[in-house]
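These figures come from a predicted structure and were not determined experimentally. Each ligand, and each atom within it, is numbered from 1 in the order the structure gives. For this chain, numbers begin at 1 and follow the sequence in order.
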Amino acid sequence: MRRKHLVAIVVVIFLTWNLLMYYMLVSKNPGKTGSGSVEDQLRGLQGDIHRQLSQNSELLQQLRKFREQKLAEKLDREIHKTTTPVPLNVDKIILPILLIACDRTTVSRSLDLLLKYRPNKDKFPIIVSQDCGHKPTADVIQRYVVDHGVQHIKHPNTSDIHLPWPQKKFQGYYKLSRHYKWALNQVFHTYNHSAVIIVEDDLDISPDFYEYFSATFPILHQDPSLWCVSAWNDNGKVEMVSDDAELLYRTDFFPGLGWMMEKSTWLELGPKWPNAFWDDWMRHPDQRKGRACIRPEICRTSTFGKKGVSKGLFYEKHLKFIKLNNKFVPFTKKDLTYLMKDKYDAYFTKLVKETPEVTVAEAMAGHKSNLKALKILYSTKEEFKSTAKKLGIMDDFKAGVPRVAYNGVVSFMYRGQRIYLSPPPNWKGYDPKWS
Ligand code: UD1
Ligand code: MN
């Protein structure tokens with residue numbers, strides 16, 4: 001519309017100018033009648049016309065230049081729009097909670113706690129995304145829509161996924177991966193949020209759940225070597241954590257189970273999101289790209305989902321012993337910049353380096369039990385596994401990374417002592433073949 005206007009104005013000026021020149025020529029000539037021959041008059045007229053023509057072409061050239069300049073400016077604006085991120089106001093950031101639900105009416109338990117501890121409904125809108133089309137569960141969620149302004153969105157595709165026989169038993173993993181993709185696209189593309197906190201329908205949360213994510217968001221946003229903040233410590237059983245609820249760490253292992261990411265991460269992951277096993281896929285180097293997550297010493301979520309897609313075995317053996325933090329730590333009032341890569345790496349490397357080394361047998365026998373912290377080295381996969389088993393921590397790897405590890409070091413409590421299960425100083429990085 002603005003362009004058309006401009007062209008019209010220019011055409012009008014052009015025509016007016018021509019008319020004016022014509023008028024001047026004609027009004028000049030009558031004075032000349034009688035003086036000079038017709039030939040002279042004609043010659044004069046010819047000269048005038050020539051001048052007029054050259055002025056016209058000059059004007060045209062200027063018009064063309066003007067048009068090109070405007071087009072270039074427009075292009076520039078468009079390029080600018082797509083490459084420069086809109087500056088975020090980290091203090092005013094809206095952190096929606098995306099609650100992934102399916103067919104368990106116990107989603108109410110998760111929702112009750114999410115509502116109970118929520119300090120601000122505008123900063124933390126709750127979006128329940130429901131898969132599975134389960135009517136009783138939908139009815140339960142609907143109550144929260146009416147009473148608490150929770151948003152209820154439903155995954156439109158609940159069809160079975162056709163799988164060949166050996167994969168058939170993984171149907172659940174395929175469905176939930178498909179659901180995650182759809183739900184995250186809703187959060188970032190339909191509702192245009194800048195970040196998200198993802199929880200599942202069988203998670204309890206701690207009183208400082210929101211405080212933890214609010215305070216760590218600016219760190220996540222500023223540090224490109226971080227790609228998530230998680231509420232989860234994979235070695236978070238009661239006897240394996242200290243009482244210090246303030247302790248936070250970096251980890252190379254993607255923990256999930258109540259986690260936050262930014263839109264930029266989704267723009268990267270969304271287009272190549274896998275058909276199944278999304279969390280292990282995220283742990284693969286092709287996705288992780290060396291990035292870490294922030295995790296707490298004491299978990300800010302715990303799961304009550306005995307029966308799940310992964311069949312509950314893990315629940316009875318491990319998950320039900322995870323300690324959920326019950327204190328409120330005012331994280332937003334604290335300086336958490338020590339979690340930024342440069343500061344943290346320098347501090348953590350020095351700390352581990354200076355911790356006295358013992359063998360696993362010595363640690364178990366209580367040698368040096370007067371010391372606050374001990375270091376145990378591992379050089380092979382077998383060594384790691386055997387030590388982990390003896391001390392009761394998780395002994396598995398995903399893409400070569402042990403759970404909880406940062407720069408190869410797994411930190412946990414053992415009979416009241418801090419243990420760093422650490423690779424030797426000449427460590428070359430994770431070996432994806434360790435499994
Ligand atoms: C485990 C993980 C979970 C992860 C999943 C995929 C634990 C404690 N949980 O799930 O974080 O996402 O593996 O690797 O380790 N769901 C759907 N559609 C379905 C089935 C389930 O959306 O068809 C939803 C559920 O509502 C739930 C989530 O997927 O929010 C996980 O399902 P669940 O049955 O709890 O499986 P887990 O074995 O706990
Ligand atoms: Mn579960």
Side-chain angles (χ1 to χ4, degrees), residues 97-111 113-114 126-134 136-138 140-141 152-163 167-187 196-205 228 230-237 253-261 269 273-284 287 293 295 299-324 394 396 398-399 403-404:
I97 312 297
L98 173 64
L99 170 50
I100 300 287
C102 168
D103 58 0
R104 296 185 283 205
T105 55
T106 49
V107 64
S108 58
R109 173 165 164 180
S110 299
L111 275 167
L113 278 188
L114 282 169
I126 297 172
I127 305 170
V128 185
S129 181
Q130 192 196 353
D131 196 13
C132 313
H134 190 244
T137 304
V140 168
I141 299 166
H152 184 189
I153 56 176
K154 293 178 184 172
H155 187 199
N157 185 3
T158 55
S159 63
D160 268 351
I161 298 166
H162 185 76
L163 295 168
Q167 266 111 287
K168 258 211 152 57
K169 58 177 176 296
F170 299 130
Q171 176 87 221
Y173 288 100
Y174 281 80
K175 283 190 176 173
L176 84 85
S177 201
R178 180 176 67 181
H179 180 201
Y180 258 78
K181 177 171 185 168
W182 178 82
L184 286 165
N185 274 331
Q186 294 300 303
V187 168
V196 69
I197 299 168
I198 303 157
V199 290
E200 297 183 346
D201 59 348
D202 54 357
L203 292 182
D204 287 334
I205 61 164
C228 101
S230 169
W232 193 253
N233 170 4
D234 274 291
N235 287 323
K237 290 187 191 176
F253 190 93
F254 170 74
L257 291 165
W259 60 287
M260 171 167 72
M261 74 169 152
L269 299 178
W273 193 250
N275 293 327
F277 314 113
W278 67 269
D279 44 356
D280 284 347
W281 173 81
M282 279 188 66
R283 292 166 182 140
H284 192 277
Q287 279 63 249
C293 296
R295 60 110 181 152
C299 290
R300 263 60 185 183
T301 55
S302 73
T303 174
F304 56 86
K306 283 188 190 105
K307 279 185 231 140
V309 172
S310 57
K311 298 286 185 281
L313 241 164
F314 195 44
Y315 182 86
E316 287 303 329
K317 270 173 58 188
H318 179 74
L319 295 171
K320 73 172 180 191
F321 302 108
I322 294 287
K323 176 181 175 181
L324 177 63
M394 301 289 284
D396 59 338
K398 301 281 184 177
R403 287 179 193 264
V404 177

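- The backbone N or O of Arg295 lies less than 3.5 Å from no partner atom in the side chain of Ser230, so there is not a single donor-acceptor pair.
- Closest heavy-atom approach to atom 33 (P) of ligand 1 among the candidates Glu200, His155, Arg104: Arg104.
- With a 4.0 Å cut-off on non-hydrogen atoms, Asp103 does not touch ligand 1 at all.
- Heavy atoms of Asp131 found under 4.0 angstrom from ligand 1 belong exclusively to the side chain.
- If you look at Phe314 next to ligand 1, there are no close heavy atoms at all, none under 4.0 Å.
- For Gln130 and His152, the side-chain atoms include at least one donor-acceptor pair closer than 3.5 Å.
- Nearest to atom 14 (O) of ligand 1 among the protein's heavy atoms is Asp279 OD1, 2.9 Å.
- Of all non-hydrogen atoms in Phe304 and Thr106, the two that sit nearest each other are CZ-O, 3.9 Å.
- Nearest non-hydrogen protein atom to atom 39 (O) of ligand 1 is Asp202 OD2, 4.0 Å.
- Every atom of ligand 1 is numbered from 1 in the order shown, and the set under 4.0 Å from a heavy atom of Lys175 is 23 (O).
- Close approach of ligand 1 to Leu319 is summarised as follows: ligand atoms under 4.0 Å from at least one heavy atom of the residue are 8 (C).
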(message) Under the criterion ring pair (Phe, Tyr, Trp, His ring centres under 6.0 Å), I'd like the reasoning laid out for Tyr173 against Trp278: C-alpha separation, chi angles, the key distance, then a yes or no.
(response) CA-CA 8 Å; Tyr173 288 100; Trp278 67 269; over 10 Å; no
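- Among the heteroatoms counted here (N, O or S) of Asp202, OD2 is the one nearest to the Mn ion (ligand 2).
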(request) For the pair Ser129 and His179, evaluate side-chain hydrogen bond (donor to acceptor under 3.5 Å, both in side chains) and give the outcome as yes or no after the intermediate values. (result) CA-CA 8 Å; Ser129 181; His179 180 201; 2.8 Å; yes
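- Looking only at protein heavy atoms, the nearest one to atom 24 (C) of ligand 1 is Ile100 CG2, 3.7 Å.
- At the top of the distance list for atom 7 (C) of ligand 1, counting protein heavy atoms only, stands Leu257 CD2, 3.8 Å.
- Nearest protein heavy-atom neighbour of atom 10 (O) of ligand 1: Ser310 OG, 4.2 Å.
- Residue-level proximity to ligand 1 for Asp280 is absent, since no heavy atom of it falls below 4.0 angstrom.
- Counting only non-hydrogen atoms, the option in Trp278, Trp259, Tyr315, Trp281 that gets closest to atom 6 (C) of ligand 1 is Trp278.
- In this structure, the protein non-hydrogen atom closest to atom 22 (O) of ligand 1 is His179 ND1, 2.6 Å.
- When the shell of 6.0 Å around CG of Asn275 is examined, it contains 12 or fewer heavy atoms from other residues, nucleotides or ligands.
- Just one residue in the list Trp232, Phe254, Tyr180 forms a ring-ring contact (aromatic ring centres under 6.0 Å, His included) with Trp259, and that residue is Phe254.
- Scanning the protein heavy atoms around atom 34 (O) of ligand 1, the nearest turns out to be Val309 N, 2.9 Å.
- For atom 27 (C) of ligand 1, the nearest protein heavy atom (residue, atom name, distance) is Asp201 OD1, 3.3 Å.
- Residue Cys132 has at least one heavy-atom neighbour below 4.0 Å for each of these atoms of ligand 1: 18 (N), 19 (C), 23 (O).
- Residue-ligand proximity, Gly308 to ligand 1, at heavy-atom distances under 4.0 Å covers atoms 33 (P), 34 (O), 36 (O), 38 (O).
- Asp131 places no side-chain N or O within 3.5 Å of a backbone atom of Thr158 that could act as its donor or acceptor partner.
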